[in-house]
2 protein chains.
Amino acid sequence: MTEKDTLMRIGELSARTGASVRSLRYYEQQGLLTSTRTTGAHRLYTEAAVDRVHLLRLLYEAGLSSDTIATLLPCVDAPAEKVTVDTLDVMQRERERINTQIAAMLTTRDHLDVLIEAATGHLDRQRDAALTT
Amino acid sequence: MTEKDTLMRIGELSARTGASVRSLRYYEQQGLLTSTRTTGAHRLYTEAAVDRVHLLRLLYEAGLSSDTIATLLPCVDAPAEKVTVDTLDVMQRERERINTQIAAMLTTRDHLDVLIEAATGHLDRQRDAALTT
DNA sequence: GTAGAATCTGACGTTGATGTCAGGTTCAAC
DNA sequence: GTTGAACCTGACATCAACGTCAGATTCTAC
């Protein structure tokens, strides 16, 4: 058995992932995270849960919704068994959404760079003027 | 005068930008969009409003909030007059946020590519099996 | 001047991920 | 067995960018 069985409770998982306890419970409620339970109904997580939560955070940060993640996770876990034309469609739509949003962010970042350049220049001149007064 | 004075009303601006009428009023309420008014209080927009709305949509799509946009717009309009250390800070924070989110989206897109590859392969095999039955 | 389309303001509804609080239970250590 | 920390469920709160609806007013064309 490779089962090290080093189970942790929700507080530790929260500390190790940065996700709030509330969020972890929410993820479970959305079917994105599983846990075994203690006889007293306290949640127990394996080491693998840490990676799973990190994956969830990544996908959330990339703008995926809980629903979308719930649709795609089976494909992540069961490499090919759970794939349907619908899930493939979700993947491709999401990929498109990400592409357009990346484009918007790149353009916006360029705009910000111009603004930052102008702003630092302006503030530098202001500071110089103040120093020579 | 270069004032062509081809003013348009909110319905036309909506049609030309893709933003809903509701959104345009909301933008104005947030101080992101200005309009003159007809004697009967109907909004009138110049051609420049089209570009402004497109800019707003871009910034929203890049994840900026109304508040952030409201802070930065003066810097866009008055190249250097309205810049303070605070606005510069907002710009830099927003740039950082965009960078980390782009990173998340790139990683997620890579994951999706792997999934899509596996999925198309699996579905192709399924289809082939069905055809040869 | 009248009809019908467009617009106005104001207010309440929605959605999704999470915060927060209440009241009760369980766990770990002593 | 007692205590204090951690945990449980359930419920309501939040926030932002809208949607939507109501009731009134204005514009445009005839």
Side-chain angles (χ1 to χ4, degrees), chain A residues 5-45 49 52-73 90 94 97 101 104 108, chain B residues 6-45 49 52-73 90 94 97 100-101 104 108:
Chain A
D5 267 0
T6 311
L7 298 177
M8 73 191 92
R9 283 171 305 160
I10 199 169
E12 185 179 346
L13 183 59
S14 170
R16 289 179 57 183
T17 59
S20 72
V21 168
R22 174 68 173 91
S23 293
L24 295 176
R25 295 203 189 102
Y26 178 73
Y27 299 161
E28 180 171 329
Q29 188 184 340
Q30 299 301 304
L32 312 179
L33 184 63
T34 54
S35 64
T36 55
R37 295 296 187 111
T38 225
T39 53
H42 283 200
R43 290 172 178 81
L44 292 176
Y45 299 97
R52 160 109 329 175
V53 173
H54 282 143
L55 174 62
L56 294 179
R57 306 291 283 177
L58 174 76
L59 298 179
Y60 277 121
E61 180 140 31
L64 303 227
S65 71
S66 293
D67 258 27
T68 302
I69 299 176
T71 302
L72 298 186
L73 270 189
V90 170
E94 212 59 37
R97 190 194 55 75
Q101 191 170 352
T108 297
Chain B
T6 312
L7 298 179
M8 72 190 91
R9 285 169 304 158
I10 200 169
E12 185 180 346
L13 183 59
S14 171
R16 288 179 58 182
T17 60
S20 72
V21 168
R22 175 65 172 94
S23 293
L24 296 176
R25 294 202 191 103
Y26 177 74
Y27 300 160
E28 180 169 329
Q29 189 184 340
Q30 300 300 305
L32 312 180
L33 184 63
T34 55
S35 65
T36 55
R37 296 296 187 111
T38 226
T39 52
H42 283 199
R43 290 172 178 81
L44 292 176
Y45 299 97
R52 159 105 336 170
V53 172
H54 282 143
L55 174 62
L56 294 179
R57 307 293 283 179
L58 174 75
L59 298 180
Y60 276 121
E61 181 141 33
L64 303 226
S65 71
S66 294
D67 258 26
T68 302
I69 299 176
T71 302
L72 298 185
L73 271 189
V90 169
E94 211 58 37
R97 189 193 58 73
T100 64
Q101 190 170 352
T108 297

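Per chain, numbering begins at 1; letters A, B, ... match sequence-line order.
Phosphate contact (OP1/OP2 of C:dC27, side-chain N/O of A:Thr38, threshold under 4.0 Å): present. Residue B:Tyr27 places at least one side-chain N or O closer than 4.0 Å to OP1 or OP2 of D:dC18. For C:dT18, the OP1/OP2 oxygens have a side-chain nitrogen or oxygen of A:Arg57 closer than 4.0 Å. Side-chain nitrogen and oxygen atoms of B:Arg9 include none within less than 4.0 Å of the OP1 or OP2 phosphate oxygen of D:dC27. OP1 or OP2 of D:dT9 lies within a sub-4.0 Å distance of a side-chain N or O belonging to A:Arg37. Taking 4.0 angstrom as the limit, A:Tyr26 places a side-chain polar atom (N or O) nearer than this to OP1 or OP2 of C:dA17.
You'll find the side chain of A:Leu59 stays beyond 4.5 Å of the side chain of A:Thr68, heavy atoms only. Here the side chains of B:Leu44 and B:Arg37 are not in contact, with every heavy-atom distance at 4.5 Å or above. Using a 4.5 Å heavy-atom threshold, the side chains of A:Arg52 and A:Thr34 count as separate.
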Next on the checklist: Does A:Ser66 form a side-chain hydrogen bond (donor to acceptor under 3.5 Å, both in side chains) with A:Tyr27? I'd like the steps, not just the answer.
Outcome noted: CA-CA 8 Å; A:Ser66 293; A:Tyr27 299 161; over 6 Å; no
Next on the checklist: Apply side chain to side chain contact (heavy atoms under 4.5 Å, CB included) to residues B:Leu56 and B:Leu73 and explain how you reach the verdict.
Outcome noted: CA-CA 9 Å; B:Leu56 294 179; B:Leu73 271 189; 4.1 Å; yes
Item to check | Stepwise side chain to side chain contact (heavy atoms under 4.5 Å, CB included) test for B:Leu32 and B:Tyr60 | outcome: CA-CA 12 Å; B:Leu32 312 180; B:Tyr60 276 121; 3.3 Å; yes
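Within 4.0 Å (heavy atoms only), A:Arg43 reaches sugar-phosphate atoms of the nucleic acid but no base atom.
Of the candidate nucleotides D:dC7, D:dC12, D:dA17, D:dC7 has the atom nearest to the side chain of A:Arg25. Comparing D:dC27, C:dT9, C:dA11 against the side chain of B:His42 picks out D:dC27 as the nearest. Ranking C:dC8, C:dT18, D:dC27 by closeness to the A:Ser20 side chain, first place goes to C:dT18.
Contacts between residues 60-71 of chain B and DNA chain D, defined by a heavy-atom separation under 4.0 Å, are made by B:Tyr60, B:Ser65, B:Ser66.
For B:Arg97, the side chain to side chain contact (heavy atoms under 4.5 Å, CB included) test picks out B:Leu64, B:Glu94, B:Gln101, with sequence neighbours left out.
Nearest-nucleotide positions on DNA chain C for B:Ile10 and A:Ala41 put B:Ile10 closer to the 5' end.
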